[in-house]
Amino acid sequence: QVQLVESGGGLVQAGGSLRLSCAASGSIFSINAMGWYRQAPGKQRELVAGITSGGVTNYVDSVKGRFTISRDNAKNTVYLQMNSLKPEDTALYYCNADIVATMTYRLYHTWGQGTQVTVSS
């Protein structure tokens, strides 16, 4: 069994910053790609940023230059540093990871429970 636990969401004024963290735990053999998604009310979930096991990153256009994704493989943790936040960044942010479990070597496409980010104008 593997799981992801997010932290770091909250309420911030426009122009402010937040840092999200997501830690994987359980019977982990390895973690492949990790990423952050978000879903605003009435909208579809979208990929915000992704990072491969080798550190290659990608971002949705709307956050380029403002958000930075990183990971600490020793801690099985992925981060999302969010700067210059805008009201349109308000959403429930979800962590996602492709985790290979020990013993079975089965791949689990795993989601966290979500953390709310609210940006006031």
Side-chain angles (χ1 to χ4, degrees):
Q1 189 76 1
V2 295
Q3 65 177 353
L4 297 172
V5 177
E6 300 120 333
S7 60
L11 173 64
V12 64
Q13 288 188 331
S17 299
L18 284 174
R19 189 191 193 209
L20 306 182
S21 299
C22 172
S25 62
S27 301
I28 299 171
F29 174 74
S30 65
I31 303 178
N32 298 335
M34 305 183 82
W36 289 95
Y37 290 71
R38 66 186 179 188
Q39 187 166 19
K43 295 187 177 182
Q44 289 190 335
R45 188 176 298 189
E46 67 170 351
L47 174 64
V48 176
I51 185 167
T52 68
S53 57
V56 177
T57 60
N58 64 285
Y59 299 90
V60 66
D61 285 346
S62 60
V63 308
K64 286 180 180 178
R66 299 188 298 122
F67 291 10
T68 302
I69 189 170
S70 62
R71 64 191 284 173
D72 184 333
N73 291 330
K75 296 181 179 180
N76 291 330
T77 300
V78 63
Y79 306 96
L80 186 67
Q81 177 66 44
M82 304 184 294
N83 299 328
S84 302
L85 282 160
K86 304 176 181 180
E88 51 264 43
D89 293 318
T90 295
L92 191 58
Y93 283 69
Y94 295 91
C95 175
N96 173 268
D98 289 333
I99 301 174
V100 178
T102 57
M103 302 300 290
T104 63
Y105 301 104
R106 181 177 175 181
L107 179 68
Y108 291 89
H109 191 66
T110 308
W111 290 93
Q113 80 285 357
T115 185
Q116 180 67 39
V117 172
T118 303
V119 184
S120 62
S121 57

Could you tell me which residues satisfy side-chain hydrogen bond (donor to acceptor under 3.5 Å, both in side chains) with Ser17, sequence neighbours excluded, listed by chain and number?
Asn83
Which pairs of donor and acceptor atoms, one on a side chain in residues 114-121, lie under 3.5 Å apart (sequence neighbours left out)?
unit_1: Thr115; atom_1: OG1; unit_2: Gly9; atom_2: N; d: 3.3
unit_1: Gln116; atom_1: NE2; unit_2: Ala91; atom_2: O; d: 3.3
unit_1: Gln116; atom_1: NE2; unit_2: Thr118; atom_2: OG1; d: 3.4

Determine the minimum heavy-atom distance between Ala24 and Ile99, stating which atoms define it.
CB-CD1, 4.1 Å
Could I get the full list of side-chain hydrogen bond (donor to acceptor under 3.5 Å, both in side chains) partners for Gln39, not counting sequence neighbours?
none
Shortest non-hydrogen contact between Leu18 and Gly8, atoms and distance
CD2-O, 3.9 Å
Residues in side-chain hydrogen bond (donor to acceptor under 3.5 Å, both in side chains) contact with Arg66, at least two apart in sequence or another chain
Asp89
Hydrophobic cluster membership, Ile51 vs Val48, 4.5 Å side-chain cutoff:
yes
Please round to the nearest 0.5 Å and tell me the distance separating atom CD of Glu88 and atom OG of Ser62.
8.5 Å
Mark yes or no for whether Arg71, through its side chain, and Thr52, through its backbone, hold a donor-acceptor pair below 3.5 Å.
yes
Under the salt bridge (charged side-chain N to carboxylate O under 4.0 Å, His left out) test, residues paired with Lys43 that sit two or more places apart
none
Taking side chain as C-beta onward, heavy atoms only, is Arg45 less than 4.5 Å from Tyr94?
yes
Taking the side chain as every heavy atom from C-beta outward, state whether Met82 and Leu20 have any atom pair closer than 4.5 Å.
yes
Close side-chain approach of Thr68 and Thr57, heavy atoms under 4.5 Å
no
List, by chain and then residue number, the residues other than Leu107 in its hydrophobic cluster (Ile/Leu/Val/Met/Phe/Trp/Tyr, side-chain heavy atoms under 4.5 Å); write none if there are no others.
Phe29, Val100, Tyr105
Scan residues 24-56 for pairs that pass disulfide (SG to SG under 2.5 Å), counting only residues two or more places apart or in two chains.
none
Do side-chain atoms of Thr110 reach the backbone of Tyr108 as a donor and acceptor pair under 3.5 angstrom?
yes
Flag side-chain contact, heavy atom, 4.5 Å: Leu47 against Asn58:
yes
Ignoring hydrogens and geometry, is there a side-chain-to-backbone donor-acceptor pair from Gln113 to Val5 under 3.5 Å?
no
Residue pairs meeting salt bridge (charged side-chain N to carboxylate O under 4.0 Å, His left out), one or both in residues 93-121, sequence neighbours left out, come to none
Does any non-hydrogen side-chain atom of Asn73 lie less than 4.5 Å from one of Ile31?
no
Pairs touching residues 53-65 that satisfy salt bridge (charged side-chain N to carboxylate O under 4.0 Å, His left out), sequence neighbours left out
Asp61-Lys64
Is there a path of hydrophobic side-chain contacts, each under 4.5 Å between heavy atoms of I/L/V/M/F/W/Y residues, joining Trp36 to Val12?
yes
Qualifying residues under side-chain hydrogen bond (donor to acceptor under 3.5 Å, both in side chains), relative to Glu46, sequence neighbours excluded
Arg38
Under a 4.5 Å side-chain heavy-atom rule over Ile, Leu, Val, Met, Phe, Trp and Tyr, are Val78 and Val60 clustered together?
yes
How would you list all residue pairs meeting disulfide (SG to SG under 2.5 Å) that involve residues 67-121, not counting sequence neighbours?
Cys22-Cys95
Please list, chain by chain and in numerical order, all residues satisfying ring-ring contact (aromatic ring centres under 6.0 Å, His included) with Tyr59, sequence neighbours excluded.
none
ILVMFWY cluster, Tyr37 and Leu4 together (side-chain gap under 4.5 Å)
no
